[in-house]
Amino acid sequence: MIGERYSLDREIGRGGMGTVWLGRDEVLGRSVAVKRLGLAPGADEPDVERADREARLAARLSHPHIVAVYDLVEHEGTRHLVMEYVEGTNLAALVAAGGPLEPTRAASLFEQVADALAAAHEGGIVHRDVKPSNMLVAEGDEMKLSDFGIARADADPALTQTGLVTGSPAYLAPEVAAGQVATAASDVWSWGASLWHALAGHPPYEVKDNVLGTLYRIVNDDPPRLDDVGWLGTLLEATMAKDPQARWTMAQVRDYLRAGPRAPTSPTTRSQALPTTGTDEGTRVIPAATGAVATTAGRRRRSGNSALLAVIAVMLVALLGVIGVILLSGGDDQPTAGQGAASDTTTSSTSSDESGSPSAEVTSQELENFAGTYVRTAQADPAEGFAMLTPAYQRQSGELSGYQSFWGKVASIDSLEVTGTDTDAGTVTYTYSRTMDDGTKKTETVRLTVERGDDGNLLIVGDS
(Lines give C-alpha, C1' and ligand atoms only; values in the text may rest on other atoms or scores of the structure.)
Protein backbone atom coordinates (compact mmCIF):
# COMPACT_ATOMS: atom_id res chain seq x y z
CA MET A 1 0.00 0.00 0.00
CA ILE A 2 1.44 3.36 -1.08
CA GLY A 3 0.57 6.37 1.04
CA GLU A 4 -2.00 4.27 2.94
CA ARG A 5 -4.28 4.68 -0.08
CA TYR A 6 -2.92 3.15 -3.29
CA SER A 7 -2.55 -0.60 -3.72
CA LEU A 8 -0.32 -2.03 -6.46
CA ASP A 9 -1.37 -4.73 -8.91
CA ARG A 10 1.31 -5.32 -11.52
CA GLU A 11 4.16 -3.59 -13.33
CA ILE A 12 3.04 -2.05 -16.61
CA GLY A 13 6.05 -0.01 -17.68
CA ARG A 14 9.67 0.70 -17.06
CA GLY A 15 11.86 3.56 -18.23
CA GLY A 16 15.01 5.51 -17.50
CA MET A 17 13.48 7.39 -14.55
CA GLY A 18 11.54 4.65 -12.77
CA THR A 19 8.89 1.97 -12.87
CA VAL A 20 5.13 2.27 -13.38
CA TRP A 21 2.57 -0.01 -11.75
CA LEU A 22 -1.12 -0.48 -12.33
CA GLY A 23 -2.65 0.45 -8.99
CA ARG A 24 -5.97 1.14 -7.34
CA ASP A 25 -7.07 4.15 -5.36
CA GLU A 26 -8.79 2.41 -2.45
CA VAL A 27 -10.48 5.63 -1.35
CA LEU A 28 -12.13 6.53 -4.66
CA GLY A 29 -12.26 3.00 -6.07
CA ARG A 30 -10.56 3.69 -9.39
CA SER A 31 -7.56 2.37 -11.30
CA VAL A 32 -4.45 4.55 -11.31
CA ALA A 33 -0.93 4.41 -12.69
CA VAL A 34 1.66 4.69 -9.93
CA LYS A 35 5.15 5.78 -10.97
CA ARG A 36 8.01 5.09 -8.58
CA LEU A 37 10.49 7.85 -9.28
CA GLY A 38 13.93 6.31 -9.55
CA LEU A 39 17.37 7.58 -10.40
CA ALA A 40 18.24 9.36 -13.59
CA PRO A 41 21.10 7.59 -15.38
CA GLY A 42 24.38 8.69 -13.80
CA ALA A 43 22.76 10.17 -10.68
CA ASP A 44 23.50 9.05 -7.13
CA GLU A 45 20.08 9.89 -5.71
CA PRO A 46 16.68 11.08 -6.98
CA ASP A 47 16.24 14.82 -7.49
CA VAL A 48 13.36 15.14 -5.03
CA GLU A 49 13.10 18.91 -5.28
CA ARG A 50 12.82 18.84 -9.05
CA ALA A 51 10.34 15.96 -8.92
CA ASP A 52 8.11 17.92 -6.57
CA ARG A 53 8.29 21.04 -8.72
CA GLU A 54 7.53 19.21 -11.96
CA ALA A 55 4.66 17.30 -10.37
CA ARG A 56 3.11 20.59 -9.28
CA LEU A 57 3.44 21.94 -12.80
CA ALA A 58 1.84 18.82 -14.26
CA ALA A 59 -1.04 19.10 -11.83
CA ARG A 60 -1.76 22.56 -13.26
CA LEU A 61 -2.68 21.01 -16.59
CA SER A 62 -6.33 20.01 -16.71
CA HIS A 63 -7.13 18.92 -20.24
CA PRO A 64 -9.09 16.01 -21.72
CA HIS A 65 -6.13 14.97 -23.88
CA ILE A 66 -3.41 15.16 -21.21
CA VAL A 67 -2.81 12.34 -18.75
CA ALA A 68 -3.87 13.73 -15.38
CA VAL A 69 -1.63 13.79 -12.31
CA TYR A 70 -3.56 12.97 -9.14
CA ASP A 71 -1.06 12.82 -6.32
CA LEU A 72 2.59 12.80 -5.27
CA VAL A 73 3.23 10.66 -2.22
CA GLU A 74 6.27 9.48 -0.29
CA HIS A 75 6.64 5.83 0.70
CA GLU A 76 9.68 4.40 2.42
CA GLY A 77 11.77 7.38 1.40
CA THR A 78 10.80 7.25 -2.28
CA ARG A 79 8.51 9.56 -4.26
CA HIS A 80 5.58 8.04 -6.14
CA LEU A 81 3.62 9.92 -8.78
CA VAL A 82 -0.03 8.87 -9.01
CA MET A 83 -1.57 9.41 -12.42
CA GLU A 84 -4.57 8.68 -14.57
CA TYR A 85 -4.51 5.12 -15.90
CA VAL A 86 -5.05 4.93 -19.66
CA GLU A 87 -6.00 1.52 -20.98
CA GLY A 88 -4.87 1.03 -24.54
CA THR A 89 -1.64 1.38 -26.49
CA ASN A 90 0.57 4.18 -27.77
CA LEU A 91 0.87 5.60 -31.25
CA ALA A 92 4.26 4.00 -31.92
CA ALA A 93 2.87 0.55 -31.14
CA LEU A 94 -0.29 1.26 -33.14
CA VAL A 95 1.75 2.10 -36.25
CA ALA A 96 4.14 -0.82 -35.67
CA ALA A 97 1.20 -3.22 -35.56
CA GLY A 98 -0.97 -1.79 -38.32
CA GLY A 99 1.34 0.16 -40.58
CA PRO A 100 1.06 3.81 -41.71
CA LEU A 101 -2.10 5.68 -40.79
CA GLU A 102 -4.51 6.91 -43.41
CA PRO A 103 -4.36 10.75 -43.48
CA THR A 104 -7.92 11.29 -42.25
CA ARG A 105 -7.37 9.14 -39.16
CA ALA A 106 -3.96 10.68 -38.55
CA ALA A 107 -5.49 14.16 -38.71
CA SER A 108 -8.14 13.20 -36.14
CA LEU A 109 -5.61 11.72 -33.71
CA PHE A 110 -3.04 14.48 -34.05
CA GLU A 111 -5.58 17.28 -33.72
CA GLN A 112 -6.20 16.03 -30.17
CA VAL A 113 -2.48 16.06 -29.37
CA ALA A 114 -2.11 19.53 -30.89
CA ASP A 115 -4.94 20.77 -28.68
CA ALA A 116 -3.18 19.34 -25.62
CA LEU A 117 0.15 20.93 -26.51
CA ALA A 118 -1.50 24.26 -27.31
CA ALA A 119 -2.99 24.26 -23.81
CA ALA A 120 0.37 23.42 -22.26
CA HIS A 121 2.14 26.15 -24.21
CA GLU A 122 -0.52 28.66 -23.28
CA GLY A 123 0.24 27.79 -19.66
CA GLY A 124 3.95 28.34 -20.23
CA ILE A 125 4.84 24.64 -20.16
CA VAL A 126 7.11 23.00 -22.71
CA HIS A 127 6.80 19.23 -23.05
CA ARG A 128 10.32 18.58 -24.44
CA ASP A 129 9.71 14.92 -25.22
CA VAL A 130 6.93 14.81 -27.83
CA LYS A 131 7.07 11.52 -29.71
CA PRO A 132 4.73 8.67 -30.72
CA SER A 133 5.35 6.54 -27.64
CA ASN A 134 4.15 9.42 -25.44
CA MET A 135 0.86 9.67 -27.35
CA LEU A 136 -1.55 7.17 -25.80
CA VAL A 137 -4.43 5.82 -27.88
CA ALA A 138 -7.46 4.76 -25.84
CA GLU A 139 -10.76 3.24 -26.90
CA GLY A 140 -12.53 5.16 -29.63
CA ASP A 141 -9.25 6.74 -30.83
CA GLU A 142 -9.18 9.09 -27.87
CA MET A 143 -5.68 10.52 -27.47
CA LYS A 144 -3.84 11.29 -24.24
CA LEU A 145 -0.47 13.05 -24.19
CA SER A 146 1.82 11.75 -21.44
CA ASP A 147 5.25 12.34 -19.96
CA PHE A 148 6.08 15.99 -19.46
CA GLY A 149 9.59 15.22 -18.24
CA ILE A 150 9.09 13.13 -15.09
CA ALA A 151 6.82 10.15 -15.71
CA ARG A 152 8.61 7.92 -18.21
CA ALA A 153 6.57 4.76 -18.16
CA ASP A 154 7.20 3.15 -21.51
CA ALA A 155 9.28 -0.03 -21.57
CA ASP A 156 12.36 0.75 -23.60
CA PRO A 157 14.46 -1.90 -25.34
CA ALA A 158 16.49 0.65 -27.34
CA LEU A 159 19.70 0.23 -25.36
CA THR A 160 23.12 0.68 -26.86
CA GLN A 161 25.95 -1.69 -26.05
CA THR A 162 27.01 0.66 -23.27
CA GLY A 163 23.55 0.49 -21.71
CA LEU A 164 23.51 4.26 -21.29
CA VAL A 165 21.65 5.69 -24.25
CA THR A 166 18.05 4.58 -23.78
CA GLY A 167 16.15 6.75 -26.22
CA SER A 168 16.06 7.99 -29.79
CA PRO A 169 16.86 11.51 -30.99
CA ALA A 170 14.74 10.94 -34.10
CA TYR A 171 12.15 13.53 -33.03
CA LEU A 172 14.51 16.23 -31.75
CA ALA A 173 14.21 19.68 -33.31
CA PRO A 174 17.37 20.91 -35.08
CA GLU A 175 18.09 23.54 -32.42
CA VAL A 176 17.82 20.92 -29.66
CA ALA A 177 19.99 18.50 -31.63
CA ALA A 178 22.54 21.33 -31.81
CA GLY A 179 22.66 21.58 -28.02
CA GLN A 180 20.15 24.33 -27.27
CA VAL A 181 17.34 24.23 -24.72
CA ALA A 182 13.93 23.12 -25.96
CA THR A 183 11.18 25.69 -26.43
CA ALA A 184 7.54 25.55 -27.46
CA ALA A 185 8.73 25.78 -31.07
CA SER A 186 10.80 22.64 -30.47
CA ASP A 187 7.63 20.83 -29.40
CA VAL A 188 6.07 21.87 -32.70
CA TRP A 189 8.89 20.22 -34.67
CA SER A 190 8.64 17.04 -32.57
CA TRP A 191 4.87 16.96 -33.13
CA GLY A 192 5.48 17.25 -36.87
CA ALA A 193 8.12 14.52 -36.78
CA SER A 194 5.65 12.28 -34.94
CA LEU A 195 3.01 12.95 -37.61
CA TRP A 196 5.62 12.10 -40.24
CA HIS A 197 6.18 8.77 -38.44
CA ALA A 198 2.44 8.03 -38.36
CA LEU A 199 2.01 8.73 -42.08
CA ALA A 200 5.19 6.98 -43.25
CA GLY A 201 5.16 4.04 -40.85
CA HIS A 202 8.64 4.79 -39.53
CA PRO A 203 10.52 7.72 -37.92
CA PRO A 204 11.78 10.57 -40.09
CA TYR A 205 15.35 9.74 -39.05
CA GLU A 206 16.62 6.20 -38.62
CA VAL A 207 19.02 6.28 -35.67
CA LYS A 208 20.22 2.70 -35.15
CA ASP A 209 23.68 2.95 -33.54
CA ASN A 210 24.78 6.17 -35.24
CA VAL A 211 23.51 8.84 -32.84
CA LEU A 212 26.13 11.41 -33.85
CA GLY A 213 25.36 10.94 -37.54
CA THR A 214 21.66 11.38 -36.86
CA LEU A 215 22.25 14.61 -34.97
CA TYR A 216 24.39 15.91 -37.81
CA ARG A 217 21.65 15.18 -40.37
CA ILE A 218 18.92 16.79 -38.25
CA VAL A 219 20.94 19.97 -37.82
CA ASN A 220 22.42 20.29 -41.31
CA ASP A 221 20.23 18.49 -43.85
CA ASP A 222 16.91 19.69 -45.23
CA PRO A 223 13.96 18.13 -43.38
CA PRO A 224 12.59 14.96 -44.98
CA ARG A 225 9.30 15.30 -46.87
CA LEU A 226 6.52 12.87 -47.75
CA ASP A 227 4.62 12.54 -51.01
CA ASP A 228 0.99 11.53 -51.34
CA VAL A 229 -0.17 12.78 -47.93
CA GLY A 230 -2.53 15.39 -49.37
CA TRP A 231 -3.32 18.48 -47.33
CA LEU A 232 -1.20 17.22 -44.44
CA GLY A 233 1.91 17.91 -46.53
CA THR A 234 1.45 21.62 -45.86
CA LEU A 235 1.31 20.87 -42.15
CA LEU A 236 4.53 18.85 -42.22
CA GLU A 237 6.32 21.72 -43.93
CA ALA A 238 4.94 24.24 -41.45
CA THR A 239 5.94 22.24 -38.38
CA MET A 240 9.18 20.64 -39.57
CA ALA A 241 10.76 23.95 -40.60
CA LYS A 242 14.42 24.25 -39.63
CA ASP A 243 14.01 27.85 -38.52
CA PRO A 244 12.01 27.79 -35.24
CA GLN A 245 10.55 31.21 -35.98
CA ALA A 246 9.10 29.94 -39.26
CA ARG A 247 7.08 27.17 -37.59
CA TRP A 248 3.41 27.50 -36.87
CA THR A 249 2.31 27.57 -33.26
CA MET A 250 0.48 24.57 -31.85
CA ALA A 251 -2.70 26.64 -31.73
CA GLN A 252 -2.38 27.32 -35.46
CA VAL A 253 -1.68 23.64 -36.13
CA ARG A 254 -4.78 22.65 -34.16
CA ASP A 255 -6.95 25.18 -35.97
CA TYR A 256 -5.65 24.04 -39.36
CA LEU A 257 -6.60 20.44 -38.58
CA ARG A 258 -10.01 21.45 -37.29
CA ALA A 259 -10.70 23.36 -40.51
CA GLY A 260 -10.03 20.21 -42.56
CA PRO A 261 -8.75 19.77 -46.13
CA ARG A 262 -10.08 23.18 -47.21
CA ALA A 263 -8.10 25.01 -44.51
CA PRO A 264 -6.09 28.03 -45.72
CA THR A 265 -2.41 27.20 -46.15
CA SER A 266 -1.27 30.45 -44.49
CA PRO A 267 -2.64 30.87 -40.96
CA THR A 268 -2.61 34.14 -39.08
CA THR A 269 0.81 35.63 -38.37
CA ARG A 270 2.74 33.65 -35.82
CA SER A 271 3.07 35.47 -32.49
CA GLN A 272 6.58 35.84 -31.12
CA ALA A 273 5.65 36.73 -27.56
CA LEU A 274 5.90 34.79 -24.33
CA PRO A 275 3.32 32.06 -23.66
CA THR A 276 0.65 33.52 -21.41
CA THR A 277 -2.17 32.14 -19.31
CA GLY A 278 -5.83 32.96 -19.69
CA THR A 279 -5.78 34.88 -22.97
CA ASP A 280 -7.90 34.60 -26.07
CA GLU A 281 -4.96 35.05 -28.45
CA GLY A 282 -3.85 31.43 -28.71
CA THR A 283 -0.42 30.08 -27.96
CA ARG A 284 2.48 32.49 -27.90
CA VAL A 285 5.81 30.84 -28.53
CA ILE A 286 9.23 32.13 -27.59
CA PRO A 287 11.54 32.02 -30.61
CA ALA A 288 14.25 29.44 -30.12
CA ALA A 289 17.79 30.48 -29.35
CA THR A 290 20.43 30.87 -32.00
CA GLY A 291 23.59 30.37 -29.99
CA ALA A 292 27.11 29.89 -31.31
CA VAL A 293 26.89 26.09 -31.15
CA ALA A 294 23.77 25.80 -33.27
CA THR A 295 23.75 25.42 -37.02
CA THR A 296 20.46 26.96 -38.22
CA ALA A 297 18.63 27.35 -41.49
CA GLY A 298 19.95 30.17 -43.57
CA ARG A 299 23.59 29.84 -42.57
CA ARG A 300 26.10 29.45 -45.35
CA ARG A 301 27.38 25.94 -45.76
CA ARG A 302 31.10 25.70 -45.24
CA SER A 303 33.45 23.74 -47.47
CA GLY A 304 36.87 22.22 -47.16
CA ASN A 305 38.56 20.04 -44.57
CA SER A 306 38.74 22.76 -41.92
CA ALA A 307 35.01 23.34 -42.15
CA LEU A 308 34.32 19.63 -41.85
CA LEU A 309 36.47 19.42 -38.73
CA ALA A 310 34.67 22.42 -37.28
CA VAL A 311 31.28 20.81 -37.88
CA ILE A 312 32.42 17.57 -36.26
CA ALA A 313 33.65 19.52 -33.24
CA VAL A 314 30.33 21.33 -33.00
CA MET A 315 28.41 18.07 -33.13
CA LEU A 316 30.56 16.51 -30.44
CA VAL A 317 29.77 19.43 -28.16
CA ALA A 318 26.11 19.20 -29.10
CA LEU A 319 26.11 15.49 -28.37
CA LEU A 320 27.20 16.14 -24.81
CA GLY A 321 24.29 18.52 -24.39
CA VAL A 322 21.70 16.31 -26.02
CA ILE A 323 22.76 13.06 -24.39
CA GLY A 324 20.96 14.13 -21.23
CA VAL A 325 17.74 14.31 -23.25
CA ILE A 326 18.41 10.94 -24.80
CA LEU A 327 19.18 9.34 -21.44
CA LEU A 328 15.79 10.29 -20.09
CA SER A 329 13.75 9.45 -23.20
CA GLY A 330 12.02 6.15 -23.76
CA GLY A 331 12.03 4.33 -27.06
CA ASP A 332 9.16 4.10 -29.51
CA ASP A 333 8.93 0.38 -30.01
CA GLN A 334 6.82 -1.05 -27.19
CA PRO A 335 3.19 -0.51 -26.19
CA THR A 336 2.31 0.71 -22.73
CA ALA A 337 -0.95 0.28 -20.89
CA GLY A 338 -0.69 3.38 -18.75
CA GLN A 339 1.54 6.41 -18.49
CA GLY A 340 1.72 9.60 -16.47
CA ALA A 341 2.36 13.20 -17.30
CA ALA A 342 4.53 15.72 -15.60
CA SER A 343 6.10 18.84 -17.04
CA ASP A 344 9.11 20.94 -17.73
CA THR A 345 8.99 24.66 -18.28
CA THR A 346 12.15 25.57 -20.01
CA THR A 347 12.97 28.18 -22.60
CA SER A 348 16.12 29.85 -23.84
CA SER A 349 17.06 33.02 -25.67
CA THR A 350 20.54 33.79 -26.93
CA SER A 351 21.82 35.70 -29.88
CA SER A 352 24.70 35.87 -32.29
CA ASP A 353 25.45 37.27 -35.69
CA GLU A 354 25.81 34.93 -38.67
CA SER A 355 29.32 33.94 -37.62
CA GLY A 356 28.32 33.29 -34.03
CA SER A 357 30.15 36.40 -32.83
CA PRO A 358 29.17 37.67 -29.37
CA SER A 359 29.65 41.22 -30.60
CA ALA A 360 26.32 41.31 -32.44
CA GLU A 361 24.12 44.18 -31.33
CA VAL A 362 21.16 43.33 -29.18
CA THR A 363 17.76 43.87 -30.77
CA SER A 364 14.50 44.98 -29.20
CA GLN A 365 12.88 41.64 -30.03
CA GLU A 366 15.78 39.80 -28.43
CA LEU A 367 15.42 41.84 -25.24
CA GLU A 368 11.69 41.09 -25.11
CA ASN A 369 12.27 37.38 -25.59
CA PHE A 370 15.05 37.31 -23.03
CA ALA A 371 12.86 38.91 -20.36
CA GLY A 372 10.19 36.26 -20.72
CA THR A 373 12.74 33.48 -20.97
CA TYR A 374 14.51 34.60 -17.83
CA VAL A 375 11.41 34.89 -15.65
CA ARG A 376 10.01 31.53 -16.72
CA THR A 377 13.37 29.83 -16.33
CA ALA A 378 14.02 31.32 -12.89
CA GLN A 379 10.63 30.12 -11.67
CA ALA A 380 10.92 26.64 -13.15
CA ASP A 381 14.55 26.01 -12.18
CA PRO A 382 16.28 28.68 -10.05
CA ALA A 383 19.69 27.16 -10.72
CA GLU A 384 19.22 27.67 -14.46
CA GLY A 385 17.94 31.20 -13.88
CA PHE A 386 20.97 31.94 -11.69
CA ALA A 387 23.23 30.90 -14.59
CA MET A 388 21.73 33.75 -16.64
CA LEU A 389 23.39 36.32 -14.34
CA THR A 390 26.92 37.66 -14.74
CA PRO A 391 29.38 36.39 -12.09
CA ALA A 392 29.44 39.84 -10.49
CA TYR A 393 25.66 39.99 -10.27
CA GLN A 394 25.56 36.43 -8.94
CA ARG A 395 27.72 37.56 -6.03
CA GLN A 396 25.58 40.67 -5.57
CA SER A 397 22.49 38.42 -5.42
CA GLY A 398 23.90 36.42 -2.51
CA GLU A 399 25.16 33.52 -4.60
CA LEU A 400 22.81 30.65 -5.45
CA SER A 401 21.45 30.23 -1.93
CA GLY A 402 20.38 33.86 -1.76
CA TYR A 403 18.90 33.72 -5.25
CA GLN A 404 16.94 30.57 -4.43
CA SER A 405 15.56 32.13 -1.26
CA PHE A 406 13.32 34.18 -3.55
CA TRP A 407 12.78 32.22 -6.75
CA GLY A 408 12.49 28.90 -4.95
CA LYS A 409 9.28 30.16 -3.35
CA VAL A 410 7.59 31.31 -6.57
CA ALA A 411 4.89 28.77 -7.40
CA SER A 412 3.88 30.18 -10.78
CA ILE A 413 4.19 33.09 -13.18
CA ASP A 414 0.68 34.26 -13.98
CA SER A 415 1.40 36.95 -16.58
CA LEU A 416 4.23 38.95 -18.07
CA GLU A 417 4.17 42.01 -20.31
CA VAL A 418 7.21 43.82 -21.70
CA THR A 419 6.60 47.56 -21.49
CA GLY A 420 9.83 48.95 -22.93
CA THR A 421 13.28 48.23 -24.34
CA ASP A 422 16.40 50.33 -24.87
CA THR A 423 18.86 48.64 -27.21
CA ASP A 424 21.55 51.27 -26.66
CA ALA A 425 21.48 50.83 -22.88
CA GLY A 426 20.76 47.10 -23.08
CA THR A 427 17.68 47.33 -20.86
CA VAL A 428 14.24 45.76 -20.93
CA THR A 429 11.37 46.72 -18.64
CA TYR A 430 8.53 44.32 -17.90
CA THR A 431 5.62 43.90 -15.49
CA TYR A 432 4.84 40.44 -14.23
CA SER A 433 2.47 38.80 -11.76
CA ARG A 434 3.47 35.83 -9.63
CA THR A 435 1.93 33.47 -7.11
CA MET A 436 4.07 32.37 -4.17
CA ASP A 437 4.03 28.96 -2.49
CA ASP A 438 1.96 30.40 0.37
CA GLY A 439 -0.72 31.52 -2.10
CA THR A 440 0.03 35.24 -1.98
CA LYS A 441 0.07 37.11 -5.29
CA LYS A 442 2.14 40.09 -6.31
CA THR A 443 2.64 42.25 -9.38
CA GLU A 444 6.00 43.91 -9.90
CA THR A 445 7.72 46.03 -12.55
CA VAL A 446 11.40 45.26 -13.18
CA ARG A 447 14.05 46.70 -15.47
CA LEU A 448 16.86 44.35 -16.42
CA THR A 449 20.22 45.52 -17.72
CA VAL A 450 21.92 42.88 -19.87
CA GLU A 451 25.14 42.36 -21.76
CA ARG A 452 26.31 39.77 -24.24
CA GLY A 453 28.70 37.18 -22.87
CA ASP A 454 31.70 35.66 -24.61
CA ASP A 455 29.55 32.83 -25.97
CA GLY A 456 27.02 35.22 -27.48
CA ASN A 457 24.38 34.64 -24.79
CA LEU A 458 22.76 37.53 -22.95
CA LEU A 459 23.53 37.81 -19.23
CA ILE A 460 21.92 40.01 -16.59
CA VAL A 461 24.19 42.74 -15.20
CA GLY A 462 21.63 44.09 -12.75
CA ASP A 463 18.01 45.04 -12.22
CA SER A 464 16.04 47.91 -10.77
Side-chain angles (χ1 to χ4, degrees), residues 15-16 41-42 91-92 95-96 100 127-135 147 152 154 156-183 185-226 236-237 239-244 247 288-291 293-297 299 301-302 307-334:
L91 190 68
V95 173
H127 188 288
R128 298 202 311 165
D129 198 15
V130 177
K131 59 184 180 181
S133 66
N134 285 336
M135 301 175 184
D147 194 351
R152 306 183 183 277
D154 47 323
D156 178 20
L159 299 174
T160 64
Q161 292 180 349
T162 65
L164 292 179
V165 178
T166 62
S168 169
Y171 311 95
L172 293 178
E175 65 272 15
V176 178
Q180 298 184 46
V181 179
T183 67
S186 309
D187 279 354
V188 173
W189 170 284
S190 299
W191 182 96
S194 298
L195 176 62
W196 199 102
H197 181 156
L199 294 171
H202 58 83
Y205 298 93
E206 295 293 346
V207 180
K208 298 182 180 180
D209 295 329
N210 189 5
V211 176
L212 185 59
T214 301
L215 296 177
Y216 178 90
R217 284 185 285 120
I218 292 173
V219 173
N220 291 280
D221 292 353
D222 291 333
R225 299 302 180 201
L226 289 175
L236 290 175
E237 293 182 9
T239 54
M240 295 183 69
K242 289 187 71 173
D243 181 0
R247 296 172 203 155
T290 53
V293 172
T295 303
T296 58
R299 282 201 186 165
R301 293 192 175 251
R302 300 173 181 174
L308 177 61
L309 291 174
V311 169
I312 292 174
V314 165
M315 292 310 301
L316 287 173
V317 173
L319 179 61
L320 294 177
V322 80
I323 209 72
V325 177
I326 299 171
L327 289 173
L328 300 181
S329 297
D332 286 299
D333 299 323
Q334 297 295 324

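Only a predicted model underlies this, so the values are computations on that prediction, with no experimental measurement involved.
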Could you tell me how the ring of Trp196 sits relative to the ring of His202: parallel (under 30°), tilted (30 to 60°) or perpendicular (over 60°)?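 Correct class here is perpendicular.
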Between Met135 and Val130, is a side chain to side chain contact (heavy atoms under 4.5 Å, CB included) present by the stated rule, with each step listed? CA-CA 8 Å; Met135 301 175 184; Val130 177; 3.7 Å; yes
Using a 4.5 Å cut-off on heavy atoms from C-beta on, say whether the side chain of Trp189 contacts that of Pro244.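 Not touching, per the 4.5 Å side-chain cut-off.
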From Ile218 CD1 over to Lys242 NZ, what is the distance, rounded to the nearest 0.5 angstrom?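 Rounded to the nearest 0.5 Å, the CD1-NZ separation comes to 10.5 Å.
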What closest approach, in Å, do Pro100 and Leu199 show between heavy atoms, and which atom pair accounts for it?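 In terms of heavy atoms, the two residues are closest at CB-O, 3.3 Å.
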Do Tyr171 and His197 come within less than 4.5 Å of each other through their side chains, counting heavy atoms only?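 Tyr171 vs His197: side chains touch.
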I need the minimum non-hydrogen distance between Arg247 and Pro174, along with the two atoms involved. NH2-CD, 3.6 Å
Smallest heavy-atom separation, Val219 atom then Ala177 atom, equals CG2-CB, 3.7 Å
List the atom of Leu236, the atom of Gly192, and the distance in Å for their closest heavy-atom pair.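 Nearest heavy atoms, Leu236 then Gly192: CD2-O, 3.5 Å.
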Could you report the tightest heavy-atom contact between Pro204 and Ala193, atom names first, then the distance?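 Closest approach of Pro204 to Ala193, heavy atoms only: CD-O, 3.6 Å.
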Interatomic distance, CG@Asp147 vs CG@Asn134, rounded to 0.5 Å, equals 4.5 Å
OG on Ser190 to CG on Leu172, rounded to 0.5 Å: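 Answer rounded to 0.5 Å: 6.5 Å.
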Is there a side-chain contact between Ser186 and Arg128 in this structure, where contact means two heavy atoms from C-beta onward sitting under 4.5 Å apart? no
Value rounded to 0.5 Å, distance of CG in Leu195 from OG1 in Thr239: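 Spacing of CG (Leu195) from OG1 (Thr239) equals 6.5 Å.
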Gap between atom CG of Leu226 and atom CE of Met240 - 0.5 Å precision: 8.5 Å
Heavy-atom pair with the smallest gap, counting every atom of Pro203 and Ala170: CB-CB, 4.1 Å
With Glu237, which residues qualify under side chain to side chain contact (heavy atoms under 4.5 Å, CB included), at least two apart? Arg225
